[in-house]
Amino acid sequence: MIPGEPIFSKSTRVLHINQNNTLEVCRFAGEVIRRGELVAFPTETVYGLGADALNQQAVRNIFSAKERPADNPLIVHVSNTDEVKRVAKNTPKIAQVLMDAFWPGPLTLVLPRKNIVPDVTTGGLDTVAVRMPDHLAALELIREAGVPVAAPSANTSGKPSPTTAQHVMDDLGGRIDMIIDGGRVVIGVESTVIDVTGNIPVLLRPGGVGIEELQEIIGRIRVSTPEDVSIPRSPGVKYTHYSPEATVVLVTGDGVAGAIRKLAEEYEGKVGLLLCRETAETVGDMGEKIILGSRNDVESIARNLFYSLRLLDKQHVELIIADGSFSVEGVGLAAMNRLKKASSKLIHTG
Ligand code: AMP
Ligand code: MG
């Protein structure tokens, strides 16, 4: 063994929750968090890997279990809006408006940080990202822990985010203390991240709350794009993300069906297709085919995306051809963003 290398030999307990035992399981898991250990738990977006956000060593253990780069800060989860005061120096008016409109829910606010939050949690930034999840078990767990809970997605860094407890086990089994199994998540992609520390709110990551919904409530929003160097960027956006074992090619434009068929026919290895229903109808029978949903049913596209990428990996597909013909309204923008990051090649058809 290399000195200083972490050894992962934990036995990871999986606790299934149902209508009758959720409170009891969360009370127990809350104690585990308070002791400084790691608990993966379901939220409405994806599974999170939770630790006491104020406990440096516990948070460090999140980074080593996930093999996450140390400068990629974590989202701190709270169980009510008052708890934001424990970690944020102040709450700008616009943040209050957004909390009232979208919490509990898939919206993360970047706020000025209090010093009680250790550097390891915020990646050394003077801001802290905060969210109140819309999930009974997640809220109970945070409440029972009695501390703000730092929780990134409960996957190995760079892999598709986990949407079931089994996905968490596949990546982090033996590395973490406990998994609360609450079944498959509802939204399937992560929260929207918005920075409200400046004069104009900046969208750092599209997610479960659509940009149109945000604009309806607060008006103008700047969108952080890789080209725009004048505005803050989420440190996490620079890392590779959401990549399955297979190579992913994303096909967009008006001629998706023909281009996908041609690519699949020409490829000599095992192919998996991630398709919208409308495209599937014209592509015909080939490869491992998964239908994400109808082009305009962006909720199903998002919900099935990470789940299907992991499913195709289990089927040992070598190339995934993904259909980008779905709408980018609402959570569709987040689904497209994740798919672009998962892809090593983008083909735009005329
Ligand atoms: P994850 O929880 O792994 O889905 O990722 C959390 C996302 O929130 C990453 O993209 C982080 O870079 C971003 N994030 C967390 N804290 C901050 C912060 N203080 N400022 C900007 N972005 C943040
Ligand atoms: Mg993540």
Side-chain angles (χ1 to χ4, degrees), residues 38 40-51 53 59 62-78 84 87-89 92 95 106-115 117-133 138 148-163 167-168 171-172 185 187-198 201-209 222-226 231-244 302 305-306 309-310 331 334-335 337-338 340-342:
L38 304 185
F41 60 98
T43 76
E44 79 281 33
T45 58
V46 299
Y47 273 72
L49 179 59
V59 174
I62 289 185
F63 282 88
S64 45
K66 278 181 61 82
E67 297 173 28
R68 181 174 173 110
D71 63 348
N72 190 2
L74 306 181
I75 295 172
V76 174
H77 292 70
V78 294
V84 173
V87 294
K89 206 160 30 180
L107 182 69
T108 296
L109 303 173
V110 172
L111 296 165
R113 152 210 183 176
K114 261 191 185 161
N115 287 337
V117 187
D119 275 348
V120 60
T121 304
T122 66
L125 299 172
D126 55 6
T127 53
V128 61
V130 191
R131 170 169 115 83
M132 176 178 174
V149 173
S153 49
N155 54 307
T156 302
S157 208
K159 294 275 145 219
S161 299
T163 58
H167 295 162
V168 180
D171 280 17
L172 303 178
V185 300
I187 295 181
V189 294
E190 301 85 347
S191 61
T192 302
V193 181
I194 189 165
D195 183 332
V196 287
T197 58
V202 181
L203 181 85
L204 300 177
R205 174 178 76 180
V209 173
R222 286 175 80 175
V223 178
S224 171
T225 64
I231 52 180
R233 188 122 0 100
S234 228
V237 300
K238 69 174 182 265
Y239 295 106
T240 54
H241 259 102
Y242 320 120
S243 314
L305 181 63
F306 287 142
L309 288 173
R310 282 185 178 259
V331 73
N337 166 273
R338 308 304 190 266
K340 280 188 178 158
K341 289 186 185 232

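Ligands are counted one by one from 1 in listed order, and the atoms in each one are counted from 1 as well.
- Nearest protein neighbour of atom 12 (O) of ligand 1, counting heavy atoms only, is G236 N, 2.8 Å.
- Side-chain contact between T121 and R113 is absent, with no heavy-atom pair separated by less than 4.5 Å.
- Ligand 1 places these atoms under 4.0 Å from at least one heavy atom of L204: 21 (C), 22 (N).
- With distances taken over non-hydrogen atoms, the option nearest atom 20 (N) of ligand 1 out of V76, L74, L125 is L125.
- Side-chain contact between N155 and Y242 is absent, with no heavy-atom pair separated by less than 4.5 Å.
- For ligand 1 and T127, the ligand atoms under 4.0 Å from any heavy atom of the residue are 18 (C), 19 (N), 20 (N).
- In terms of protein heavy-atom proximity, atom 11 (C) of ligand 1 is nearest to N72 OD1, 3.3 Å.
- The shortest side-chain heavy-atom distance between L109 and I194 falls under the 4.5 Å cut-off.
- Between T122 and ligand 1 there is no heavy-atom distance shorter than 4.0 Å.
- Considering each of R68, H241, R131, the one bringing a non-hydrogen atom nearest atom 3 (O) of ligand 1 is R68.
- A salt bridge between R222 and D195 is absent, with no side-chain N of the basic residue lying under 4.0 Å from a carboxylate O of the acidic one.
- Residue S153 has at least one heavy-atom neighbour below 4.0 Å for each of these atoms of ligand 1: 2 (O), 3 (O).
- Proximity of V87 to K114: side-chain heavy atoms (C-beta onward) are nowhere separated by under 4.5 Å.
- When only non-hydrogen protein atoms are considered, atom 2 (O) of ligand 1 lies nearest to P152 CA, 3.2 Å.
- Listed by atom number, the atoms of ligand 1 under 4.0 Å from E190 heavy atoms are 4 (O).
- Using 4.0 Å as the threshold, R113 has no heavy atom nearer than that to any atom of ligand 1.
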S161 vs H167, side chain to side chain contact (heavy atoms under 4.5 Å, CB included): CA-CA, chis, key distance, verdict: CA-CA 8 Å; S161 299; H167 295 162; over 6 Å; no

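- The closest side-chain heavy-atom distance from T43 to R131 is below 4.5 Å.
- Around atom 10 (O) of ligand 1, the closest heavy atom drawn from S234, P73, P235 belongs to S234.
- The shortest distance between side-chain heavy atoms of R338 and E190 falls below 4.5 Å.
- The closest side-chain heavy-atom distance from S224 to S234 is not below 4.5 Å.
- Among the backbone and side-chain atoms of S157, none of the N, O or S atoms lies under 2.8 Å from the Mg ion (ligand 2).
- At a threshold of 4.5 Å between non-hydrogen side-chain atoms, the residues P92 and L111 count as touching.
- Of the listed options A150, G48, P112, A129, A129 places a heavy atom closest to atom 16 (N) of ligand 1.
- Protein heavy atom nearest atom 4 (O) of ligand 1, with residue, atom name and distance: R205 NH1, 2.8 Å.
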